[in-house]
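Data first, discussion second: the structure below is written as structure tokens.
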Number of protein chains: 2
Amino acid sequence: MSERPEQRKDPVDAIIDQWATVRPDLDTAAMEVFGRIYRLSRAMGERTEKAYARFGIGRGEFDVLATLRRAGEPYTLSPRQLSATLMLTTGGMTGRLDKLERAGLLRRSPDPHDRRGLKVTLTDKGLELIDEAVGAGLAVQTEALSGLDDGQAGQLSELLRELLRTTEDRQD
Amino acid sequence: MSERPEQRKDPVDAIIDQWATVRPDLDTAAMEVFGRIYRLSRAMGERTEKAYARFGIGRGEFDVLATLRRAGEPYTLSPRQLSATLMLTTGGMTGRLDKLERAGLLRRSPDPHDRRGLKVTLTDKGLELIDEAVGAGLAVQTEALSGLDDGQAGQLSELLRELLRTTEDRQD
DNA sequence: ACCAAGTAGCTTAGCGCTAAGCCACTTGCC
DNA sequence: GGCAAGTGGCTTAGCGCTAAGCTACTTGGT
């Protein structure tokens with residue numbers, strides 16, 4: 001089974017090998033893919049967290065600011081739109097907005113068309129911060145990807161899109 | 001820029017397009033890869049969580065049992081080895097072990113060679129449960145991967161290994 | 001043999017999330 | 001026009017994690 005003396009040797013291979021020893025009946029091919037996806041996600045999460053810390057925000061707050069920034073002028077969305085986009089409960093959203101509002105990075109104001117609702121708007125300070133922070137985050141990710149050449153990166157991106165597309169259809 | 005009328009259309013593409021509109025200066029290639037990795041990790045986390053719920057455990061507890069199982073007979077490791085393997089603080093480990101011990105799936109006993117330490121051992125019930133649960137988890141992952149053919153899956157796995165290897169070297 | 005430094009596991013405080021429930025307001029049906 | 005059902009945002013309780021600090025024990029230098 002261990003042909004390819006090439007590289008091998010990543011933590012997921014070690015786990016796969018252990019399973020092969022104690023449970024040779026298992027087909028662990030899928031675990032190899034998703035195990036790596038899990039570890040990459042976690043490692044990059046920590047790394048980008050550090051990049052954002054310099055701006056006094058965490059990954060969660062970054063995502064809120066970035067979503068407002070991407071929406072374009074006037075950088076306004078409702079808490080509901082934000083929590084839906086970020087796959088977050090409204091309770092979690094309330095906490096993030098409190099923190100960002102306290103830091104002066106966004107502003108809550110009543111929705112003129114619906115007295116239940118709010119509008120959340122980026123302040124000038126928030127706009128300035130997110131425009132710098134998004135660059136810093138991208139730099140970290142670009143650096144991490146630089147171990148692959150452009151062809152490999154493109155191929156990886158397409159395979160991931162295909163996988164994401166097919167798995168998100170089959171929703172629970 | 002939007003050649004390829006082919007498929008496109010995944011949530012990450014939508015985000016990339018938004019950035020291209022409001023910040024055309026940004027190079028978002030890396031974000032395309034890591035954004036998909038993040039979403040896949042999250043989606044599969046939820047799905048496997050559901051598969052394990054049937055056995056009365058969560059993903060965290062599953063990982064503890066699986067690590068003991070992979071270690072082979074006599075299915076014994078120290079809390080320290082477990083928390084190191086699972087990238088968890090000792091505090092977090094204590095909580096998981098409490099829960100699993102209460103459920104009768106493992107047993108804590110003093111380490112005969114070091115009176116500071118413990119040995120954590122799978123019970124028969126724990127062994128039986130993890131052997132079933134690992135199959136259920138693999139089934140979910142295999143199903144999710146089935147949208148790709150074997151060639152694509154293999155290619156993806158190798159690209160991910162390469163990426164994981166190069167990014168884990170460059171530690172913070 | 002002794003003592004400083006290191007290590008194992010647990011405890012506590014704090015954080016950010018979810019799930020469930022609340023009130024205020026809006027919508028749609030009669 | 002009035003009322004049931006739906007929706008938006010907030011609050012609370014509970015969960016699992018980290019970071020920091022504790023005690024008990026071990027190790028290594030002198």
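In what follows, chains are A, B, ... by sequence order, proteins preceding strands, each numbered from 1.
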- Task: Give a yes or no on this: more than 12 heavy atoms of other residues, nucleotides or ligands lie within 6.0 Å of atom CG of A:D149.
- Result: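 More than 12 within 6.0 Å, yes.
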
- Item | Donor-acceptor pair, side chain of B:R96 and main chain of B:G60, under 3.5 angstrom |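 Between the backbone of B:G60 and the side chain of B:R96 there is a qualifying donor-acceptor contact (under 3.5 Å).
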
Could you tell me whether [X] contacts a base, only the sugar-phosphate backbone, or nothing, with contacts defined as non-hydrogen atoms closer than 4.0 Å?
{"X": "B:S78", "result": "sugar-phosphate"}
{"X": "A:G92", "result": "base"}
{"X": "A:K119", "result": "nothing"}
{"X": "A:R59", "result": "nothing"}

Would you call [X] and [Y] a salt bridge, taking side-chain N to carboxylate O under 4.0 Å as the test?
{"X": "A:D98", "Y": "A:R102", "answer": "no"}
{"X": "A:K119", "Y": "A:D114", "answer": "no"}
{"X": "B:D17", "Y": "A:R70", "answer": "no"}
{"X": "B:K9", "Y": "B:D13", "answer": "no"}

- Walking along DNA chain D from 5' to 3', note the first and the last nucleotide with an atom under 4.0 Å from a heavy atom of chain A, and give both.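 Using the under 4.0 Å cut-off, the span is D:dG6 to D:dT11.
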
- Could you point out which residue of A:L127, A:L100, A:V134 forms a side chain to side chain contact (heavy atoms under 4.5 Å, CB included) with A:L65?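 Single pass found, and it is A:L100.
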
- Message: Without decimals, in angstroms, what is the distance between B:M93 CE and C:dC10 P?
- Response: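 Going from B:M93 (CE) to C:dC10 (P), I get 10 Å.
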
- B:L82 CG to C:dC10 C1', straight-line distance once rounded to whole Å: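 Interatomic distance, CG of B:L82 to C1' of C:dC10: 16 Å.
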
- Task: Please report the closest heavy-atom contact between A:R42 and B:L86, naming both atoms and the distance.
- Result: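 So the two residues come closest at NH1-O, 3.9 Å.
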
- Message: Let me spell it out: for each of A:R42 and A:S83, pick the nucleotide of DNA chain D with the closest heavy atom. Which residue's pick is nearer the 5' end?
- Response: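 Checking each residue's closest nucleotide, the 5'-ward one belongs to A:S83.
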
At a cut-off of 3.5 Å, list every protein nitrogen or oxygen paired with a nitrogen or oxygen from nucleotides 20-29 of chain C, distance to 0.1 Å.
| residue | atom | partner | partner atom | Å |
| --- | --- | --- | --- | --- |
| C:dT26 | OP1 | A:R115 | N | 3.0 |

